[in-house]
Amino acid sequence: MKNIIAMIGAAAVALTLSVPGAFAAEEMAAQPTHFPMEEPVEQDWSFAGPFGKYDKGQLQRGLKVYTEVCSACHSLKRVAFRNLEELGYSEEQVKSFAAQYDIEDGPNADGEMFTRPGLPADHFPGPYANEEQAKAANNGAVPPDFSLIAKARGVERGFPQFIFDIFTQYQQGGPDYIHALLTGFGQEPPAHLAVPEGLHYNPYFGAGVALAMAQPLYGEDVTYDDGTPSTLDQEARDVAAFLMWAAEPSLAERKEMGFRVMIFLVVFSIFLYIAKKQVWSRVEH
Amino acid sequence: MSSLEHHGTYTPTSGIGKWIDARMPLPRLMYDSFVAYPVPRNLNYAYTFGGILSLMLVAQILTGVVLAMHYTSDTGLAFTSVENIMRDVNHGWLLRYMHANGASFFFFAVYLHIFRGMYYGSYKAPRELLWILGCIIYLLMMATGFMGYVLPWGQMSFWGATVITGFFTAFPVIGDPIQQFLLGGYAVDNATLNRFFSLHYLLPFMIAGVVVLHVWALHVTGQTNPTGIEVKSKTDTVAFTPYATVKDSFAMMVFFAIFAYFIFYLPNYLGHPDNYTEANALVTPAHIVPEWYFLPFYAILRGITFNIGPIDSKLGGVLAMFGSIAVLFVLPWLDTSKVRSADYRPWYKLFFWIFVADAIFLGWLGSKPAEGVYTSLAQIATAYYFIFFLIILPVLGLIEKPRRLPNSITEAVLERNRASGAQQVTGSAAASPENRG
Ligand code: HEM
C-alpha cells in the first residue's frame with residue numbers, strides 16, 4: 001500500500017512541476033489567447049482598506065474628466081444629479097449643474113414630447129439615442145455604460161494572489177484596470193501581433209489585443225478647478241476613482257458600519273469564549 | 001438512547017405552562033430538544049456547524065424575503081431593480097451583500113459539516129437516514145443557489161443558466177424536452193427568470209422542512225462524537241444547555257465575524273465582475289464560470305473529454321457530475337468499516353485528507369479554462385474522487401487494522417487528558433503544574 005501512495009505522490013509532484021513548463025510554452029505562441037496581455041499595476045486609492053473613503057476633491061476632478069471627455073461616448077444612466085451632493089457639492093450647485101442638461105420629458109397636455117432643463121432627480125442623459133446609433137458612431141462597438149464599469153472589470157488574480165487579497169482587502173481591481181487601460185495606449189504592438197484594422201492596441205485591454213476606443217486622454221485634456229496639474233496619470237486616476245464612486249456609492253458608509261460591526265462581533269466572541277471556558281470547566285472534555 | 005418520547009425533566013411551573021403542556025406540549029418538546037437534550041461531552045468545534053447552518057438558513061430567508069419586496073423578475077427590469085436596491089433602498093446594499101455572501105458562507109459551512117460527517121463516520125448505522133436527509137438538503141441548496149444566481153440577470157447569471165440547463169440536452173431523447181420544461185421555452189428568457197424566482201422563493205422553505213426531519217432524526221439517534229463510539233452512560237454526555245449552547249454560540253459569533261468581514265470589506269470578492277454587466281444574449285463572456293461552490297463539479301463535468309463506448313463525452317461529463325453527487329447518498333453502504341471515527345483508522349484518515357485536498361484542487365481547476373494541462377489534471381483529480389468512494393472505502397474497511405477503541409467516551413476523555421496533562425478539572429487546576437506543556 002505504501003508503494004501505491006508513493007506512486008500517487010510522485011505522479012502528483014511530476015504533474016505540478018510540468019505545469020509551469022506548459023505555461024511557458026503557451027506564452028511563446030504567436031497570438032496570445034489570455035487577456036489582458038499585461039496585468040494592471042496596483043495603485044494607491046484613498047478608498048482602499050478598512051478605513052478607506054472617497055477623496056471628494058478627486059471625485060470632483062473625475063467628474064470633470066467624465067463630463068468633458070468620456071461623456072461624449074459613455075453614458076452614466078444609473079447616477080442621478082442629486083447623487084452629486086455626495087461629492088461635496090451644495091444643493092444649489094447640483095441644481096445649476098443639472099440645469100445645463102437638456103432632458104427629454106413628456107408627453108405634455110398636447111401629447112408632444114418636449115425638452116426641459118435637467119432637475120436634481122434626473123439621471124445623466126446618454127450621448128446616443130439607442131445602441132444602433134452608438135455602434136454606428138464607434139466602428140461597430142458600443143461604448144459601455146459607466147454606472148457599474150468599475151465593478152464590472154477586473155483582472156483575475158490567480159493563485160496565490162487571491163489568498164493574500166483576503167487579508168489586504170483588495171477590491172480595487174476595477175479602478176486599477178481603468179487606470180492601466182487609460183495610460184496604456186500609444187505603445188508599439190509587438191511585431192508578430194496582428195492588430196485588426198480600426199482597433200487600437202492596448203496591452204491592458206481585457207478582451208483582446210486591441211479595442212474600438214481610441215486613446216481618450218493624453219494629459220492637459222481638462223483644466224482642474226483646484227489647480228491640480230492635469231497630467232495623463234492624474235486624469236486617469238481621478239476618472240477611475242470617480243467611476244468607482246459611481247459603481248459603489250455606499251462604500252464609505254459600508255466600511256464605517258463594518259468597523260462597528262466587527263468590534264461588536266469580536267468583543268462578543270471574547271465574552272462568549274470566557275463564558276464557554278467557565279461553563280466547561282465543570283466537566284472534563 | 002435519547003428519543004423524543006422520553007418524558008424528560010420538563011416540569012412546567014406556571015399555571016399557563018401546565019395548561020399548554022396538557023394540550024400541546026410544544027414547550028416540552030423545545031425543552032427536551034434544546035435544553036435537557038444530552039450531547040456527548042467530547043464534541044469538538046467541527047460539531048458546531050449544524051447550528052451555524054440553521055442560523056444561516058434563517059438569515060438567508062430573512063434577507064431574501066426583504067429583497068423580494070424590491071425585486072422585479074422581468075428580464076427588462078431585473079438588473080435595474082437590483083441596482084435600485086443597491087443605490088436607493090435604505091441599507092439595500094447591506095441586504096444584498098448579506099444575501100449574496102450569505103449563500104457562499106452557507107455553502108462553506110455545509111462543506112465543513114459534510115467533511116466532519118465523513119471524517120467521523122457520522123453516516124454509518126444507525127444514522128443512514130440522517131445522512132441522506134443531509135444530502136437532500138445539500139441538493140436543494142444547490143438548486144436554490146443556482147436559481148438565485150440567475151435572478152440579478154447579469155452576464156454570468158444568463159450564461160451560467162444557459163450552460164447548466166444545457167447539460168440536460170446531453171441525455172438522448174428526453175434531454176431536449178427536459179431542458180425546454182426547465183426553461184419554459186427554447187432559451188433562457190423571461191419565462192425562465194420568472195419560474196426561477198418562484199422556485200428560489202419556495203425551495204428554502206422546503207429546505208427548512210427537511211432540516212426539521214434532519215434534526216428529528218438526529219435527536220432519535222443522538223450525535224456521533226470524535227471517538228465514534230456510542231454514548232453508553234450518563235457520564236458520557238452533558239446537557240445541551242448550557243454546554244452545547246454556549247459553545248455553539250461562541251463558534252457562531254466567530255463565524256459571523258468572518259462573514260461580516262466579507263460583507264463589509266470584501267463584498268464582491270466571491271462574485272464575478274461579469275455579473276455587474278446586464279445579461280446580453282448576443283455577447284458570450286470569455287470564460288463562463290459558476291459560483292465557487294459548484295466549481296469542483298464543474299471540473300468533473302469538463303474533465304470527461306473522451307467517449308466511453310456509446311456514451312459521448314458530453315453525456316459522460318454530465319453523468320460523472322451527477323454521479324459525483326449521487327455517490328454521497330450511498331456512502332453509508334460503500335464504507336465497509338465498522339469503526340466510525342477516522343481518529344482510529346490511520347489509512348482512512350490519510351485517504352480522507354487526500355480527498356479533501358482533491359476536492360479543493362478540483363475547485364481550483366473548475367475556475368481555470370478547460371484546456372491543456374488543466375484537463376489532464378482534472379481527469380486525475382476526478383479519478384481519485386471516484387476511486388476514493390468506489391474502491392478505497394469498500395476495500396479499506398476489509399483490510400485496514402483500526403487502532404484500539406476506548407471502552408467509552410468518558411474513558412477516552414479521561415485517558416487523553418491524563419496523557420496530555422494539560423486539561424484540568426475545577427478544584428484541581430493547580431494540582432499538577434509540572435505537567436503543563
Ligand atoms: C441546511 C443545511 C443543514 C442544516 C441546517 C443542518 C443542521 C444540522 C444540525 C443542527 C445538526 C446537529 C449539530 C451537528 O452535529 O453539527 C446536524 C447534524 C448532522 N448533519 Fe446536518 N444540516 C444541514 C446539512 C447537512 C448536509 C448537507 C449533510 C450531509 C450530506 C448533513 C449531515 C449531518 C449528519 C450526518 C449529522 C449528524 C451529526 C453527527 O452527530 O455526527 N447535514 N445537522
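Predicted model only: the values in this text are computed from it and were never measured. Proteins come first, then strands; the chains are lettered A, B, ... in the order of their sequence lines, and each starts at number 1.
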Which pair of heavy atoms, one from [X] and one from [Y], lies closest together, and at what distance?
| X | Y | answer |
| --- | --- | --- |
| B:Phe264 | A:Lys255 | O-CG, 4.1 Å |
| A:Glu284 | B:Asn417 | OE1-ND2, 2.9 Å |
| B:Thr277 | A:Arg153 | OG1-NH1, 4.2 Å |
| A:Met262 | B:Tyr265 | CG-CE1, 3.8 Å |
| B:Asp88 | A:Arg82 | OD1-NH2, 3.6 Å |
| A:Val279 | B:Pro242 | CG1-CG, 3.7 Å |

Flag the pair [X] / [Y] as yes when at least one side-chain heavy-atom distance between them is below 4.5 Å, and no otherwise.
| X | Y | value |
| --- | --- | --- |
| B:Phe79 | A:Arg78 | yes |
| B:Met253 | A:Leu272 | yes |
| B:Val246 | A:Trp280 | yes |
| B:Leu43 | A:His285 | no |
| A:Lys151 | B:Met86 | yes |
| B:Pro267 | A:Arg254 | yes |
| B:Ser249 | A:Lys276 | no |

Which answer fits [X], side chain, backbone, both or neither, if we ask what part of it has an atom under 4.5 Å from a heavy atom of chain A?
| X | result |
| --- | --- |
| B:Ala257 | both |
| B:Thr80 | both |
| B:His272 | neither |
| B:Ile263 | backbone |
| B:Leu266 | both |

Identify which part of [X] has an atom lying under 4.5 Å from any heavy atom of chain B, answering side chain, backbone, both or neither.
| X | value |
| --- | --- |
| A:Gln278 | neither |
| A:Ile166 | both |
| A:Pro249 | side chain |
| A:Ala246 | backbone |
| A:Phe259 | both |
| A:Glu248 | side chain |

Exercise. Would you find a donor on one side and an acceptor on the other, under 3.5 Å apart, between the side chain of A:Gln171 and the backbone of B:Asn268?
Worked result: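 Checked: pair present.
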For this session: Go through B:Phe262, B:Phe256, B:Tyr261 and name the one with the most non-hydrogen pairs under 4.5 angstrom from chain A.
Result: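 Most heavy-atom pairs within the cutoff with chain A belong to B:Tyr261.
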Exercise. Should B:Arg87 and A:Glu253 count as an ion pair when the cut-off is N to O under 4.0 Å?
Worked result: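 Between A:Glu253 and B:Arg87 there is no salt bridge, as every charged N stays at least 4.0 Å from the carboxylate O atoms.
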For this session: Name, in order of residue number, those residues of residues 157-165 of chain A that have a heavy atom at a distance of less than 4.5 Å from a heavy atom in chain B; otherwise write 'none'.
Result: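 Near chain B, by residue number: A:Phe159, A:Phe162, A:Ile163, A:Asp165.
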